[in-house]
Amino acid sequence: MKRFLLSALLGLTTLAMTTPQAHAQLDNFNHDVLIKGLRERGMTELLIRLSEDGTLKDEASREVLGAEMLIMQAQNQRVAIAERRKALEDGIDRYKALIGRHRDNTKRGIWQTDMALHLVFTRNPLNDLAEDFYEFGVPNPEQKQIFESGAALGVESLSDAYVFLNKLQRELPRLDDYNQTYVNTGRWEELTDEYLKSKLPFLLSHSAYQAALLPDTHPYYKTLGQNPNMPLQAATPAEERKRLFQLAVDSVDSIPKPMKEKYGLPDRPMNLIKGKALVHLGKLAEANTILDEVIKEGPDDLFAYRALCAKAVSMELKDKSPDAAVAFLETVKDHPLATQGIAFAIIATDLQHRLLLKHVGKDKAKIETAYKPYADLITDKRQPPRALQDIQMFVFDRWTALYKNADPATLPQAVLSGMGERELLVGRGLIQEWSKANSDNDPALAEKKPAAAKPHLDKALDVAGSRLKREG
């Protein structure tokens, strides 16, 4: 990319200084690649100059520049997280509008692929590990919305792009200016080798897998056969889910090795997706071989952690019982990511809970057992004391949000206890703030705290009453 960017900048400079005939070559210069190269290298000033100096005569290229500048802001870790998220959503919206306005532009399939790149590799990590919590954990409403909307949009955009790029591959060589406009400028190689044969299937493997995780109630499955951009959908959710998992596998297998090397497509993310898809297709032995290789190549990183979680899913499917998988996940909590960050310890615990809950049936005792991993996590000595406090409040806050309108009599004992403990902790914290405000001689602040603490303490008493009533 660095070598291309330098060549592109030198090319622009040279053309700007030479003859009118050379100026005409700018009509075929691929500005989109230059824009992406500048964004990837964080060259903000050059992007701003490009947007202001009149170089971009083409309306679509100007729109690509606007989208990529927003995405560069989203990827800037010095920007506040809320601003980064908004910038990314605005950038994706710009891409969607661009694609809708220029359906016949030969770059449309490239734009759709580039948008999918940000849906898969920028949007989910930027939103509190939305993909990991959705696939293995218990997502909050925001994570659920982010993942589901991105999965549906990604697979639709890439499926549409695949059909369009194949159409161009057949039709463009028939044009009179084919060599001048496409071959000599490198655009033909970009459309076919770089995107159709490489980047598109790389991203389609991820988006197809993600869409396969959506529930039957999602609009994607409610409108099977009705979306003109998805001509190959199956007739039922079960058949479509199987098709998508297989599409994830086939997309990985379709990329020639020389193309992977040429365009810098790493094997591990693809092998992880392939292994996980094979788990869901029931090809467990083949899946585990691939997942083991992913783990072996970097046992301490995120790919390995995800592969370990996928192996637990595979165990439960093989055994038709959660016991071995739950025990295995207890060892996953030894993974460096789980001991150094509470999110990954919680995700492994969530997966234990989900696998146990899958086998509950109508047995109320098993429901209580399904929540036991959380009680174990809250006292897990592998976590430092401060992390245990954070884990406890995270879990209790989640239960309070999920079950705030539920009848206490219907809640599992662990959940009810956690909700009561949470209210007590919050109320007690406010009382401590009241005491500190008094000692600091701040009567205005002190006056507010008891009133703020009262509803939390009242709720804690209500929960305690519900527990006593149930136990009595």
Seminar exercise, completed: In this structure, CE of Met259 is separated from OG of Ser254 (nearest 0.5 Å) by 10.5 Å
Exercise. Do you know which two heavy atoms are closest between Gly150 and Leu119, and how far apart they sit?
Worked result: O-CD1, 4.0 Å
For this session: Measure up the Tyr134 and Phe147 rings against each other and bin them: parallel (under 30°), tilted (30 to 60°), perpendicular (over 60°).
Result: parallel
Exercise. If you count the non-hydrogen atoms of other residues, nucleotides and ligands that lie under 6.0 Å from NZ in Lys144, is the total more than 12?
Worked result: no
Problem set entry | N/O donor-acceptor pair under 3.5 Å between Gln233 side chain and Gly225 backbone | yes
For this session: State plainly whether the residues Arg123 and Glu131 are in salt-bridge range, i.e. N to O under 4.0 Å.
Result: no
For this session: Verify side chain to side chain contact (heavy atoms under 4.5 Å, CB included) between Val249 and Asp253, making sure each step is shown before the conclusion.
Result: CA-CA 6 Å; Val249 173; Asp253 291 342; 3.7 Å; yes
Problem set entry | NZ/NE/NH1/NH2 to OD/OE distance under 4.0 Å, Arg354 and Asp350 | no
Problem set entry | Minimal non-hydrogen separation, His353 against Ala370, with atom names | ND1-O, 2.8 Å
Problem set entry | Candidate list Asp132, Val138, Leu329, test side chain to side chain contact (heavy atoms under 4.5 Å, CB included), partner Leu351, passing option | Leu329
Exercise. Do Glu330 and Gln352 have side-chain atoms, one donor and one acceptor, less than 3.5 Å apart?
Worked result: yes
Exercise. Does any N or O in the side chain of Thr339 come within less than 3.5 Å of the main-chain N or O of Pro336, such that one atom is a donor and the other an acceptor?
Worked result: yes
Exercise. Is the ring centre of His335 less than 6.0 Å from the ring centre of Phe344?
Worked result: no
Exercise. Do Arg386 and Asp390 meet the salt-bridge criterion of a basic N to acidic O distance under 4.0 Å?
Worked result: yes
Problem set entry | Nearest heavy-atom neighbours spanning Arg268 and Ala304 | NH2-N, 3.8 Å
Problem set entry | For the student: nearest non-hydrogen atoms of Ile378 and Leu388, plus distance | O-CD2, 3.4 Å
Exercise. Just by distance, with hydrogens left out, do Arg187 and Thr106 show a side-chain donor and acceptor under 3.5 Å apart?
Worked result: yes
Exercise. Once the angle between the rings of Tyr371 and Trp399 is folded into 0 to 90°, is it parallel (under 30°), tilted (30 to 60°) or perpendicular (over 60°)?
Worked result: perpendicular
For this session: Might you confirm whether atom OH of Tyr374 has over 12 heavy atoms from other residues, nucleotides or ligands at distances under 6.0 Å?
Result: yes
Exercise. Below 4.0 angstrom, N of the basic side chain to O of the carboxylate: do Asp193 and Lys199 qualify?
Worked result: no
For this session: Can you establish whether the number of heavy atoms outside Lys260 located under 6.0 Å from its atom NZ is more than 12?
Result: yes
Problem set entry | Tyr403 six-ring face occupied by Arg398 cation (under 6.0 Å, within 45°) | no
Problem set entry | Member of Lys311, Met315, Lys318 meeting the side chain to side chain contact (heavy atoms under 4.5 Å, CB included) criterion with Asn288 | Lys311
Exercise. Quick one: is the NZ or CZ of Arg108 closer than 6.0 Å to the six-membered ring centre of Phe164, and within 45° of its axis?
Worked result: yes
Problem set entry | Residue pair Tyr195 / Asp114, side-chain donor-acceptor N/O under 3.5 Å | yes
Problem set entry | Donor + acceptor pair across side chains of Lys274, Ser251 (<3.5 Å) | no
Exercise. Should the pair Lys86-Glu83 be classified as a salt bridge under the 4.0 Å nitrogen-to-oxygen rule?
Worked result: no
For this session: State whether a side-chain donor-acceptor pair under 3.5 Å links Gln143 with Asn127.
Result: no
For this session: Give a yes or no on whether a salt bridge exists between Arg85 and Asp128, defined as a side-chain N under 4.0 angstrom from a carboxylate O.
Result: yes
Exercise. Can a donor-acceptor pair be found between the side chains of Tyr95 and Glu68 at a distance below 3.5 Å?
Worked result: yes
Exercise. Closest approach of Ile347 and Leu129, non-hydrogen atoms and distance?
Worked result: CD1-CD1, 4.4 Å
Problem set entry | Carboxylate-amine/guanidinium contact Arg241 Asp216, below 4.0 Å | yes
For this session: Taking all non-hydrogen atoms of both residues into account, name the closest pair between Leu355 and Pro322 and its distance.
Result: O-CB, 3.6 Å
Exercise. Is any NZ, NE, NH1 or NH2 atom of the basic residue among Arg382 and Asp334 found under 4.0 Å from an Asp or Glu carboxylate oxygen of the other?
Worked result: yes
